[in-house]
Amino acid sequence: MFAKTTVLGAFGAIWAAGAVWAADPVVFGTNWLAQGGHGGFYQALVDGTYEKYGLEVEIQPGGPQVNNRPMLSAGRLDFLMAGNLLLSFDNVRNGIPTTVVAAFYQKDPQTLMTHAGQYDSFADLTEAPTVLISKDGQFSFWQWLVDEHGFRDEQLRPYGFNLAQFLSDEAVVQQAYGTAEPIYAADQGAEVDTFLLADHGWSTYAATLETRQELVEENPELVQRFVNASIEGWNNFLYGDRTAAYEAIMAANPEMTVEKLDKEVAQFEKLGIIDVGDAETLGIGALTDERVKAFYDLAIASGIIEEGSVDLSKVADTSFVNRGHGLDIKAALTAD
């Protein structure tokens, strides 16, 4: 087991007893413009869950001109919705004192997208003449696709986050975020198939929740409150009335509509991204040492990172999750 910070178990009992907390200001940064994939956090904000936990939360969206990652280590954010574990490995490798305290996506939404019916199986994609992959993807999951699944560098072409080449050539395969490009392609009349990398062994978590190690050590009860409140927000968003959360997201990002948000949430459900696997028994946000270690081993085997370059004890602290928090909310909201 990795070294962990111990959080007092009495916190849960205190909250259950209805303790009143002075409002603590918290700035939470997301990884992009407000969208359905941030829904649980907006839900907790607008339905009073953060307030119930004595938190005055400000959500600071990311975006094309906003990089929230350095804002966390600089102390301008208290928590960050990050990407997958490779980013956390990089932080540790570079001596940045942040740690993962929850994982809200049990599966990474990264997919390969094809025109519907063009390829019968994931294995068939290795014979595609062209696979469009971004520069970041080329140095991460593409290396795993080559090493583990037999994809070939001869297939590789750069993906510039534009659907034009994909739409003009039915043989093209391209990377896609499962809740984005498939929707955009469908809106332009293209029927598509999506192959979720997680279903073929890409075992990283995504939408990880990071905070500074300093906050974990000096104020673990605040970390626990934010984690618990966010977990409740996600349960209420997924299984309850998400109308107010939609309104908050659309206010923060006017390009969003109810129709777009419904499609995004439907993709999360179709692909099985959030409340699956360990989350079904340990609660949304589940995070285990075993999964972190397994993905670390995958990254080494695929040549994405070097063996011994990451101190795994600094990557994640699992003491704030895995307690079944929020399962009662889900049960109540889904009861017939």
Next item on the list: Please assess Glu148 against Ser302 for the test side-chain hydrogen bond (donor to acceptor under 3.5 Å, both in side chains), listing each intermediate value before the final yes or no.
Entry: CA-CA 7 Å; Glu148 182 69 21; Ser302 300; 5.9 Å; no

Notebook entry, point to check: What's the verdict on salt bridge (charged side-chain N to carboxylate O under 4.0 Å, His left out) for Arg69 and Glu210, showing C-alpha distance, side-chain angles and the deciding distance?
Noted result: CA-CA 10 Å; Arg69 287 199 65 78; Glu210 290 184 351; 3.6 Å; yes

Do [X] and [Y] meet the criterion of a side-chain donor-acceptor pair at a distance under 3.5 Å?
X      : Y      : result
Thr49  : Gln43  : no
Asn31  : His38  : yes
Ser134 : Gln175 : yes
Arg323 : Asn228 : no
Gln60  : Asn68  : yes
Gln143 : Asp147 : no

Check: For the atom pair CD1 (Ile273) and CG (Asp108), what is the distance rounded to the nearest 0.5 Å?
Finding: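 Interatomic distance, Ile273 CD1 to Asp108 CG, rounded to 0.5 Å: 7.5 Å.
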
Check: Given side chains that start at C-beta, do those of Ser203 and Leu298 come closer than 4.5 Å, heavy atoms only?
Finding: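 Sidechains of Leu298 and Ser203: in contact.
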
Checklist line | Phe28 backbone acceptor or donor facing Glu58 side chain under 3.5 Å | finding: no

Next item on the list: May I ask you to decide if the ring planes of Phe122 and His200 are parallel, tilted or perpendicular, using 30° and 60° as cut-offs?
Entry: parallel

Item checked: Plane angle bin for Trp202 and Trp144 - parallel if under 30°, tilted between 30 and 60°, otherwise perpendicular ->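 Rings of Trp144 and Trp202: tilted, as their planes differ by 30° to 60°.
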
Checklist line | side chain to side chain donor-acceptor pair (under 3.5 Å) partner of Lys330, the single match among Asn236, Asn235, Asp275 | finding: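 Single pass found, and it is Asp275.
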
Item checked: Working for side-chain contact (heavy atoms from CB on, under 4.5 Å), residues Asp199 and Lys107 -> CA-CA 8 Å; Asp199 291 339; Lys107 294 182 180 179; 2.9 Å; yes

Note to self: Tyr296 and side-chain contact (heavy atoms from CB on, under 4.5 Å): which single residue from Val315, Ile305, Thr204 fits?
What the structure shows: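 Of all the options given, the one that passes is Ile305.
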
Next item on the list: Please assess Gln165 against Gln174 for the test side-chain contact (heavy atoms from CB on, under 4.5 Å), listing each intermediate value before the final yes or no.
Entry: CA-CA 9 Å; Gln165 187 172 355; Gln174 74 156 61; over 6 Å; no

Check: Only one of Trp234, Phe79, Tyr50 clears ring pair (Phe, Tyr, Trp, His ring centres under 6.0 Å) with Phe41; which?
Finding: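 With Phe41 as partner, ring pair (Phe, Tyr, Trp, His ring centres under 6.0 Å) holds for just one option, Trp234.
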
Margin query: Around atom CD of Glu191, are there more than 12 heavy atoms from other residues, nucleotides or ligands closer than 6.0 Å?
Written below: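 Atom CD in Glu191 is not crowded, with 12 or fewer foreign heavy atoms closer than 6.0 Å.
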
Item checked: Working for side-chain hydrogen bond (donor to acceptor under 3.5 Å, both in side chains), residues Thr99 and Asp317 -> CA-CA 7 Å; Thr99 191; Asp317 186 331; 5.9 Å; no

